[in-house]
Amino acid sequence: MELALLFLCQIFLQQSPVILHIPVDARWAQNGVTVAGGHGQGSAINQLYYPEGLFVDDDQTMVIADWYNDRIIQWKMGDTNGQVVAGGHGQGNRLDQLYRPTNMLIDKETNSLIICDWGNGRVVRWSRRSGTTQGEILIDNINCWGLAMDDQRYLYISDYDKHEVKRYQIGDMNGTIVAGGNGKGAGLNQLNWPTYIFVDQQQTIYVSDNNNHRVMKWNKGAKEGIVVAGGQGGGNALTQLSNPQGLFVDTLGTIYVADWGNHRVMCLPKEAKQGTVIVGGNGGGEGVNQFHYLMGLSFDRYGNLYVVDYGNDRVQRFSIE
């Protein structure tokens with residue numbers, strides 16, 4: 001059963017003009033390669049300290065929310081050291097500072113980073129142009145954790161305190177609730193500590209509903225969501241998740257989720273009742289086939305998988321075979 005489900009896993013990546021198809025029999029190497037960090041906890045430019053969110057650009061450049069270092073660091077493939085591209089001036093709320101950033105994305109139209117500045121309760125934009133020394137506030141007074149942008153440049157932000165996801169036009173401070181917003185709970189119209197989000201081309205919203213140990217799908221305009229992964233209580237069965245985090249959904253509706261408490265990445269084809277472990281699942285640890293809790297995940301245009309190994313202060317790359 002597990003093997004059959006694995007063969008169903010497909011991705012069509014549209015981060016570049018080329019639409020990449022990964023064959024139905026795709027597998028990923030079980031041993032990861034460290035491509036960022038991995039030199040212990042610290043603030044040197046070859047280190048990470050409890051990294052969280054991850055964005056992989058078209059040229060395989062990684063942008064990482066280096067949470068405990070209060071900075072966003074960029075890492076080019078093959079480099080020993082990263083480059084600080086936002087924050088890095090100590091913890092604080094000045095426009096040149098960040099405070100425990102959790103996530104970010106690249107807005108290609110403005111060549112900028114949009115960052116969840118979690119500790120400051122704000123979303124900021126930081127130009128990627130050379131010489132940039134500070135950001136600007138886009139949204140203030142929000143308990144943000146995850147964010148995504150759709151093809152029409154609407155911004156989606158998860159608020160873990162209000163247990164909701166809102167959609168914003170750039171420049172709009174108010175937003176519209178598009179998932180949750182009915183208080184903390186486990187109902188189909190509720191969320192409990194939403195973290196990472198993913199939005200597809202139909203503006204369908206997928207949410208890692210962390211404390212409900214499930215992934216929820218909210219169709220555009222829906223008043224309640226659909227459980228598409230987990231939802232069977234926290235646990236390590238193939239039908240369960242444990243505090244899910246990073247999230248990716250391909251154009252066929254296959255879900256890839258960082259199963260935080262189980263130290264594994266799960267793949268669930270559309271409408272599947274249970275998932276398949278594609279990497280990890282070998283207990284918490286620092287081996288090449290292990291994670292010590294995991295946060296963000298992403299794919300590059302070739303179908304290689306990148307996972308933020310939070311407790312090991314590194315990003316691991318798993319090559320597609």
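For the numbers below, each heavy atom of this structure counts, side chains included, while hydrogens, waters and symmetry mates do not. Quantities reported herein were computed from a predicted structural model and do not represent experimental measurements.
- Between N189 and N182 the shortest heavy-atom distance is O-ND2, 2.8 Å.
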* To do: Could you give me the CA-CA distance, side-chain angles and deciding distance for N31 and N289, then say whether side chain to side chain donor-acceptor pair (under 3.5 Å) is met?
  => CA-CA 5 Å; N31 292 341; N289 68 345; 4.7 Å; no
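- Taking a 4.5 Å side-chain heavy-atom cut-off between Ile, Leu, Val, Met, Phe, Trp and Tyr, the cluster of Y99 contains only that residue.
- Without hydrogens or angle criteria, N304 side chain to I320 main chain gives a donor-acceptor distance under 3.5 Å.
- Using a distance-only test at 3.5 Å, with no hydrogens or angles considered, a donor-acceptor pair links the side chain of H213 to the main chain of N243.
- Summarising the local packing, CD of E321 is surrounded by more than 12 heavy atoms from other residues, nucleotides or ligands at distances under 6.0 Å.
- Between D58 and K108, at least one side-chain N (NZ, or NE/NH1/NH2) sits under 4.0 Å from a carboxylate O, which counts as a salt bridge.
- In the model, D309 has no side-chain atom that pairs as donor or acceptor with a side-chain atom of Q316 under 3.5 Å.
- Each of V215, V279, L238 was checked for a side-chain contact (heavy atoms from CB on, under 4.5 Å) with M266, and the lone residue meeting it is L238.
- Here Q30 contributes atom CD and I278 contributes atom CD1; the two are 8.5 Å apart, rounded to the nearest 0.5 Å.
- Put simply, the side chain of N210 gets close to the backbone of P244: a donor and an acceptor are under 3.5 Å apart.
- Within the 3.5 Å criterion, the main-chain N or O of T195 finds a donor-acceptor partner in the side chain of S158.
- Between the CG atom of D107 and the CE atom of M149 there is a distance of 4.0 Å, given to the nearest 0.5 Å.
- Side-chain N or O atoms of R94 include none that pairs as donor or acceptor with a backbone N or O of Q134 at under 3.5 Å.
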* To do: Would you check, one step at a time, whether the test side-chain contact (heavy atoms from CB on, under 4.5 Å) holds for D70 with Q97?
  => CA-CA 7 Å; D70 306 300; Q97 293 178 307; over 6 Å; no
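- Cluster membership for W145 and I177, using ILVMFWY side-chain heavy atoms within less than 4.5 angstrom, is not shared.
- Within the model, atoms OG1 of T34 and NE2 of H39 stand 8.0 Å from one another, a figure rounded to the nearest 0.5 Å.
- A 4.5 Å side-chain heavy-atom check between D313 and Y50 finds at least one atom pair inside the cut-off.
- Nearest heavy-atom pair, Q47 versus G40, reported as atom, atom and distance to 0.1 Å: NE2-O, 3.4 Å.
- Put simply, the side chain of W75 does not reach to within 4.5 Å of the side chain of V35, judged on heavy atoms.
- Looking at L241 and N262, their side chains never come closer than 4.5 Å, going by heavy atoms from C-beta outward.
- Counting only heavy atoms from C-beta outward, the side chains of Y49 and D66 approach each other to under 4.5 Å.
- In terms of heavy-atom proximity, L113 sits nearest to I106 at CD2-CG1, 3.8 Å.
- In this structure, the ring of H292 has its center no less than 6.0 angstrom from the ring center of Y310.
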* Is there a side-chain contact (heavy atoms from CB on, under 4.5 Å) between Q203 and Q152 once you walk through the steps? -> CA-CA 9 Å; Q203 296 184 328; Q152 298 174 35; 3.9 Å; yes
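- Remark: side-chain polar atoms of N120 are paired, donor with acceptor, to backbone N or O of G92 under 3.5 angstrom.
- At distances below 3.5 Å, at least one donor-acceptor pair connects side-chain atoms of D59 with backbone N or O atoms of T61.
- Minimum heavy-atom separation, Y196 to T102: OH-O, 4.1 Å.
- Note that CZ of R167 and CD of Q169 are 9.0 Å apart. Values are rounded to the nearest 0.5 Å.
- The environment of CD in E286 is sparse: at most 12 heavy-atom neighbours from other residues, nucleotides or ligands sit within 6.0 Å.
- One hydrophobic cluster holds both I115 and V85 under the rule that ILVMFWY side chains link at heavy-atom gaps under 4.5 Å.
- Of the possible polar contacts, none joining the D57 side chain to the Q60 backbone as a donor-acceptor pair under 3.5 Å is found.
- Using a distance-only test at 3.5 Å, with no hydrogens or angles considered, a donor-acceptor pair links the side chain of Q290 to the main chain of N282.
- Between R153 and T110, the closest side-chain pair of non-hydrogen atoms falls below 4.5 Å.
- In this structure, V257 is a member of the same hydrophobic cluster as I226, with clusters built from ILVMFWY side-chain heavy atoms closer than 4.5 Å.
- Summarising the hydrophobic clusters (Ile, Leu, Val, Met, Phe, Trp, Tyr; side-chain heavy atoms under 4.5 Å, direct or chained), the residues clustered with I197 are Y154, Y156, V165, V178, L188, L191, V199, I205, V207, M216, W218, V227.
- Using bins of under 30°, 30° to 60° and over 60° for the plane-to-plane angle, the ring pair W67/W118 lands in the tilted bin.
- Taking 4.5 Å as the limit, every side-chain heavy atom of L95 sits out of range of all side-chain heavy atoms of E136.
- Between Y206 and F198, the two ring planes are perpendicular [angle over 60°; tilted spans 30° to 60°].
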* To do: Using the side-chain contact (heavy atoms from CB on, under 4.5 Å) rule, take N69 and L48 through it: C-alpha gap first, then chi angles, then the decisive distance, then the call.
  => CA-CA 7 Å; N69 281 323; L48 299 169; 5.6 Å; no
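- Contact detail for S43 and R71: the closest heavy-atom pair is O-NH1, 2.9 Å.
- Using modelled atom types, one side-chain atom of Q240 and one backbone atom of Q232 make a donor-acceptor pair closer than 3.5 Å.
- Not counting sequence neighbours, the partners of R317 by the side-chain hydrogen bond (donor to acceptor under 3.5 Å, both in side chains) test are Y306, S319.
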* Decide yes or no on side-chain contact (heavy atoms from CB on, under 4.5 Å) for C267 and T254, but give the supporting numbers first. => CA-CA 7 Å; C267 167; T254 302; 3.6 Å; yes
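- No continuous path of hydrophobic side-chain contacts links V288 to V265 [ILVMFWY only; heavy atoms under 4.5 Å].
- Counting non-hydrogen atoms of other residues, nucleotides and ligands closer than 6.0 Å to OH of Y68 gives a total of 12 or fewer.
- Ionic pairing of K166 and D159 is not present here: no N-O contact between side-chain nitrogen and carboxylate oxygen is shorter than 4.0 angstrom.
- The aromatic ring centres of F318 and F291 sit less than 6.0 Å apart.
- Counting all heavy atoms, side chain and backbone alike, A36 lies closest to M62 at CB-CE, 4.4 Å.
- Rounding to the nearest 0.5 Å gives a distance of 11.5 Å between CG of D161 and SG of C144.
- Remark: L305 CG to L297 CG distance equals 6.0 Å, nearest 0.5 Å.
- Side-chain heavy atoms closer than 4.5 Å link hydrophobic residues (I, L, V, M, F, W, Y) into clusters, and following such links, possibly through other members, connects I114 to I137.
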